[in-house]
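Each remark here refers to the structure printed beneath this line.
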Amino acid sequence: MKTLKTAIITLLTLAAISCTGDKAPAIPERIVEDVDTETGVISLRDYSISDTIAIGGKIFNYTYTLEHVDTLPTLINPQGLEYHESRVSIKVSRGDEQIFNKKFLKNNFKDIVPADFLKTSTMVGVNYNFTKRDEDRSALYFIVTVGDPDETSDMVFPLEVKIAPDGSYSIKKAENLETAPISTGLNIDPSEDAV
């Protein structure tokens, strides 16, 4: 899982090096898991991202967070590794008014996600859905992902959390997800552009 920040830093580093002709320094790999040295239990690394969006001419601030929870029972993933559960928090405000503030655990989605899958999964990610934002600016859209916490696994169940400006929300299985470049041309290998 690469973050937007990592992608931007990588591109800026490559741009700076191409201007100077120096060799690129090795970019450290982003660590997404921590292992408790005493128990051997693995935790996903916590993160939090904040931003703003305009809806109907009003500015909304949002913060989404993924954090491990070591007070809940651990889970054993399909590869037999032991993980702490994780949870997702989403907060939305307009000025000083808090519109939405909710924490989600995997069991919040038991009516949508198959029970067998939930047993060996946890909350593995949350992102603002910028693609959906380009289609509909009447609400805030987040992708919350339940899945195998092993970073090498692609066993995930993405869910769409739609939050209206009045704080009401709905959840459904996310469909037609496509990965799109952050900016035009970022998906092109620079060697393809050489003339």
Side chain to side chain, I163 and I90, heavy atoms closer than 4.5 Å: yes

In one Ile/Leu/Val/Met/Phe/Trp/Tyr side-chain cluster, 4.5 Å: I112, V146: yes

Any V92 side-chain heavy atom under 4.5 Å of L140 side chain: yes

Nearest-0.5 Å distance that lies between atom CG in D46 and atom OG in S86: 7.5 Å

Side-chain touch M123/V144, heavy atoms, less than 4.5 angstrom: yes

Side chains of L81 and D150 in contact at under 4.5 Å (non-hydrogen atoms): yes

In one Ile/Leu/Val/Met/Phe/Trp/Tyr side-chain cluster, 4.5 Å: I49, F100: yes

Mutual orientation of the aromatic rings belonging to F117 and F157 [parallel < 30°, tilted 30-60°, perpendicular > 60°]: tilted

Atom pair CD1/CD of I42 and E33 - distance to nearest 0.5 Å: 5.5 Å

Heavy-atom pair with the smallest gap, counting every atom of I55 and P165: CG2-CG, 3.8 Å

Note, L105 side chain near L72 side chain (heavy atom, < 4.5 Å): yes

Pair E151-L44, side chain to side chain contact (heavy atoms under 4.5 Å, CB included): steps then yes or no: CA-CA 9 Å; E151 66 179 315; L44 295 180; over 6 Å; no

Any E160 side-chain heavy atom under 4.5 Å of K173 side chain: no

Heavy-atom check, side chain of L118 versus side chain of D116, under 4.5 Å: no

Closest approach of D34 to R45 (non-hydrogen atoms, all atoms of both residues): OD1-NH2, 2.5 Å

No-hydrogen, no-angle side-chain donor-acceptor test under 3.5 Å, E85 and T122: yes

Atom pair NE2/CG of H84 and L75 - distance to nearest 0.5 Å: 10.0 Å

NZ or CZ of K102 within 45° of F104 ring axis and under 6.0 Å: yes

For G125 against V88, the heavy-atom pair lying closest together: O-CG2, 4.0 Å

Candidates Y62, Y64, Y141 - the one meeting ring-ring contact (aromatic ring centres under 6.0 Å, His included) with Y128: Y62

CA sep, side-chain torsions, deciding dist, call: F109, I171, side chain to side chain contact (heavy atoms under 4.5 Å, CB included): CA-CA 8 Å; F109 308 108; I171 300 170; 3.6 Å; yes

Verify same cluster id: I76, V69 (apolar side-chain graph, 4.5 Å): no

Residue pair S50 / T63, side-chain donor-acceptor N/O under 3.5 Å: yes

K91 side, atom NZ; S93 side, atom OG - distance, nearest 0.5 Å: 10.0 Å

Heavy-atom pair with the smallest gap, counting every atom of V161 and Y169: CG1-CD1, 4.5 Å

Student check: side-chain heavy atoms of E67 and S89 closer than 4.5 Å: yes

From R87 atom CZ to L66 atom CG, the distance as rounded to the nearest 0.5 Å: 10.0 Å

Nearest-0.5 Å distance that lies between atom CD1 in I143 and atom CG in N127: 8.0 Å

Flag for Q79-D148: side-chain donor and acceptor within less than 3.5 Å: yes

